[in-house]
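The first residue in the sequence is number 1, and the count goes up from there. Note that this is a predicted model, so its numbers are computed, not measured.
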Amino acid sequence: MAEAGSFADRVKQQADIVRVVGEYVRLKKTGKDFSGLCPFHQEKTPSFTVSPIKQIFYCFGCGKGGDVFNFVREMEKCDFPEALKIVAEKCGIALPSPRERSPEERRETQHRTLILEMHRAAQTFYSEQLASTPEGRVAQGYLEDRGLHQEAIEQFGIGYAPSGGEALVRFLRPKYKDEKLLADSGLISRDQSGRLFDRFRRRISFPIANEGGKIVAFGCRALGDDTPKYLNSPETPIYSKSNVLYHLDRAKEALRRQDFAILVEGYMDAIQVARAGISNVVASCGTSLAEPQIKLLARFTRRVIVNYDPDSAGQAATERSVALLLEQDFEVKVLALPP
């Protein structure tokens with residue numbers, strides 16, 4: 001426990017609470033301190049302050065306060081060890097070496113690391129398939145018809161998952177021999193007999209990255225008449241749909257700078273908006289915006305323009321999303337495009 005305590009003390013000493021809080025709250029310098037609208041209750045006049053000298057925060061409106069760990073625990077709804085890890089990573093402080101972790105923690109960390117590696121490898125494979133195979137060239141023709149040429153394909157890492165059923169399995173198998181690891185990745189599925197096969201087949205692939213820019217999943221569109229039209233990665237040790245917003249890793253600086261987000265439904269929508277020069281766009285990747293996604297967005301802005309599809313499903317999703325955003329004290333507008 002002493003080692004954990006000393007590490008926490010070191011993180012607390014090196015962490016800049018203003019920078020950490022500033023990732024969640026828009027702060028303005030007021031004298032020696034910084035102030036902003038409290039993220040823990042609704043208010044129009046700032047009563048939330050951060051002291052860089054004392055390295056604490058306090059809200060005169062709701063009474064919440066404490067150090068940088070207290071703040072992150074409140075914002076992320078996590079326990080102290082997770083808050084310690086988050087603050088350390090934000091401040092560039094190396095976490096304790098694997099030898100200092102429990103065997104179970106080491107196994108889980110290694111498992112997640114390997115799955116992240118597999119997603120990078122899959123991205124490379126899909127990109128090569130798009131660029132160098134007859135099937136891939138057909139997919140490229142479809143993308144070009146949608147206005148996505150080579151520059152956009154490279155910018156957003158778009159690729160192609162070939163037909164056949166075992167192409168990615170064969171690509172990954174030499175390095176990743178553990179069948180459980182392959183199945184846990186979400187890239188590979190099993191049939192009833194236990195045989196491994198590619199989850200994504202004959203589909204255009206769109207990598208989905210987390211806030212830090214690491215590929216954690218794929219969204220794939222059928223090239224022909226296969227159903228479903230869109231197929232995403234399942235929940236895995238590195239991916240939870242409700243905790244990820246597509247394009248956030250690219251959009252977060254623009255969100256802070258412009259202080260509003262355009263919320264669209266899918267990755268193609270986000271790509272088209274971003275290609276038009278509007279970089280503060282994120283996608284919920286489906287019609288069900290989840291509360292964790294809203295809290296993630298709140299770290300960058302609390303102003304949102306919802307622009308879902310104009311069909312009946314999109315209209316219903318818009319109403320649900322607006323209601324959820326208003327519950328979380330967002331300023332919300334709806335953009336209705338002409339048919």
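- In this structure, F200 and Y126 have perpendicular ring planes: the angle between them is above 60°, well past the 30° mark.
- By the rule that hydrophobic residues join a cluster once side-chain heavy atoms approach within less than 4.5 Å of another member, V282 and F300 end up as members of one cluster.
- Within the 4.5 Å cutoff, the side chain of H111 has heavy atoms near those of the D184 side chain.
- Side chains of T124 and E128: a donor-acceptor N/O pair is absent below 3.5 angstrom, by distance only.
- Without hydrogens or angle criteria, H247 side chain to A270 main chain gives no donor-acceptor distance under 3.5 Å.
- Salt bridge annotation for R173-E166: absent, with no cationic side-chain nitrogen under 4.0 angstrom from a carboxylate oxygen.
- A heavy-atom distance below 4.5 Å is found between the side chains of R256 and E23.
- No chain of hydrophobic side-chain contacts below 4.5 Å, direct or via other Ile, Leu, Val, Met, Phe, Trp or Tyr residues, connects I238 to L248.
- Side-chain contact of Q272 with Y267: a donor-acceptor pair under 3.5 Å is absent, judged by distance alone.
- Of the inter-residue distances, the one linking I158 atom CD1 with Q123 atom CD reads 9.5 Å to the nearest 0.5 angstrom.
- Inter-residue side-chain proximity for P162 and Y160 is flagged as met; some heavy-atom pair is nearer than 4.5 Å.
- When atom types are taken as modelled, the side chain of D309 and the backbone of G314 share no donor-acceptor pair closer than 3.5 angstrom.
- Using a 4.5 Å heavy-atom threshold, the side chains of T45 and L37 count as separate.
- Using a 4.5 Å cut-off between side-chain heavy atoms of Ile, Leu, Val, Met, Phe, Trp and Tyr, with links allowed through other members, I53 and V50 fall into different hydrophobic clusters.
- Between H119 and F218, the ring-plane angle classifies as parallel under the 30° and 60° cut-offs.
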Check the pair E179 / R190 against salt bridge (Lys or Arg N to Asp or Glu O under 4.0 Å), numbers first and verdict last.
CA-CA 10 Å; E179 289 196 356; R190 287 183 188 272; 3.3 Å; yes

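- Linking Ile, Leu, Val, Met, Phe, Trp and Tyr residues whenever their side-chain heavy atoms come within less than 4.5 Å leaves V18 and I56 in two separate clusters.
- Linking ILVMFWY residues whenever their side-chain heavy atoms come closer than 4.5 Å, directly or via other members, places V332 and L296 in the same cluster.
- Summarising the geometry of G165 relative to R201, their closest heavy-atom pair is CA-CD, 3.4 Å, with the distance given to 0.1 Å.
- Q293 places a side-chain N or O within donor-acceptor distance of the main-chain N or O of A290, the cut-off being under 3.5 Å.
- Looking at K90 and V87, their side chains never come closer than 4.5 Å, going by heavy atoms from C-beta outward.
- Checking side-chain atoms of Q55 against main-chain N and O of I17 turns up a donor-acceptor pair under 3.5 Å.
- With rounding to the nearest 0.5 Å, the separation of CD1 in I294 from CD in E327 is 8.0 Å.
- Under a 3.5 Å cut-off, the side chain of D33 and the backbone N or O of T30 do not form any donor-acceptor pair.
- With values rounded to the nearest 0.5 angstrom, Y308 atom OH is found 3.0 Å from S284 atom OG.
- Heavy-atom neighbours of K12 NZ from other residues, nucleotides or ligands within 6.0 Å: at or below the threshold of 12.
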CA sep, side-chain torsions, deciding dist, call: K64, E74, salt bridge (Lys or Arg N to Asp or Glu O under 4.0 Å)
CA-CA 9 Å; K64 286 191 177 180; E74 287 284 349; 3.1 Å; yes

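- Both tests pass for R221 against the ring of Y230: distance under 6.0 Å to the centre and angle within 45° of the axis.
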Assess the residue pair Q155 and R275 against the criterion (side chain to side chain donor-acceptor pair (under 3.5 Å)); give the C-alpha distance rounded to whole Å, side-chain angles, the decisive distance to 0.1 Å, and a yes or no.
CA-CA 10 Å; Q155 180 183 354; R275 290 287 294 164; 3.3 Å; yes

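- Looking only at distances, no side-chain donor or acceptor of N307 sits under 3.5 Å from a matching main-chain atom of V264.
- Atom-to-atom distance recorded for Y239:OH and N232:CG is 5.5 Å, nearest 0.5 angstrom.
- K29 forms a cation-pi arrangement with F34, by the criterion of a distance under 6.0 Å to the ring centre and an angle within 45° of the ring axis.
- E319 contributes no side-chain N or O that, together with a main-chain N or O of A323, makes up a donor-acceptor pair within less than 3.5 Å.
- At a threshold of 4.0 Å, the pair R26-D259 counts as salt-bridged, since one of the basic side-chain nitrogens sits closer than that to a carboxylate oxygen.
- Minimum heavy-atom separation, S132 to R137: C-NH1, 4.0 Å.
- Ring pair F69/F80 is perpendicular by interplanar angle, where above 60° counts as perpendicular and below 30° as parallel.
- A donor and an acceptor atom, one from each side chain of Q150 and E144, are nowhere located under 3.5 Å apart.
- Minimum heavy-atom separation, S321 to L289: OG-CB, 3.6 Å.
- In this structure, S185 and M118 have side chains that are in contact, with non-hydrogen atoms separated by less than 4.5 Å.
- Looking at F260 and V304, their side chains never come closer than 4.5 Å, going by heavy atoms from C-beta outward.
- Taking the ring centroids of Y24 and F71, they lie under the 6.0 Å cut-off.
- Taken from CD in Q258 to OG in S279, the straight-line distance is 5.5 Å, to the nearest 0.5 Å.
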Go through it in stages, so that I can follow the logic: the residues are M268 and R146, the test is side-chain contact (heavy atoms from CB on, under 4.5 Å), and I'd like the CA-CA distance, side-chain angles, deciding distance and then a yes or no.
CA-CA 9 Å; M268 279 295 289; R146 296 290 300 268; 3.5 Å; yes

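- Between E291 and K295, at least one side-chain N (NZ, or NE/NH1/NH2) sits under 4.0 Å from a carboxylate O, which counts as a salt bridge.
- Under a 4.0 Å N-O distance rule, the pair R202/E135 does not qualify as a salt bridge.
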Before you tell me yes or no, could you show the steps for L187 and D198 under side-chain contact (heavy atoms from CB on, under 4.5 Å), namely the whole-Å CA-CA distance, both residues' side-chain angles and the distance that decides it to 0.1 Å?
CA-CA 6 Å; L187 298 167; D198 298 353; over 6 Å; no

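- Between the N280 side chain and the A261 main chain, no donor and acceptor come within less than 3.5 Å of each other.
- Between the side chains of E117 and Y176, a donor-acceptor pair is found at a separation under 3.5 Å.
- The distance from atom OG of S163 to atom CZ of R203, rounded to the nearest 0.5 Å, is 12.0 Å.
- Checked for salt-bridge contact, K241 and E235 miss the test: no charged N lies under 4.0 Å from a carboxylate O.
- Using a 4.5 Å heavy-atom cutoff, the side chains of I271 and F206 are in contact.
- Aromatic ring pairs are classed by plane angle as parallel below 30°, tilted from 30° to 60° and perpendicular above 60°; the pair F57 and F40 is tilted.
- Residue L130 comes nearest to A139 through the heavy atom pair CD1-CB, 3.7 Å, listed as atom of the first residue, atom of the second, then distance.
- For the residue pair C62 and C38, the shortest heavy atom distance occurs at SG-SG, 3.8 Å.
- Of the possible polar contacts, none joining the T227 side chain to the K229 backbone as a donor-acceptor pair under 3.5 Å is found.
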Does the pair I208 and I215 meet the rule for a side-chain contact (heavy atoms from CB on, under 4.5 Å), with working shown?
CA-CA 6 Å; I208 298 172; I215 298 171; over 6 Å; no

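- Listed for the K177 side chain is a donor-acceptor partner under 3.5 Å among the backbone atoms of P174.
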So V306 and L325, side-chain contact (heavy atoms from CB on, under 4.5 Å) or not? Walk me through it.
CA-CA 10 Å; V306 180; L325 288 162; 3.9 Å; yes

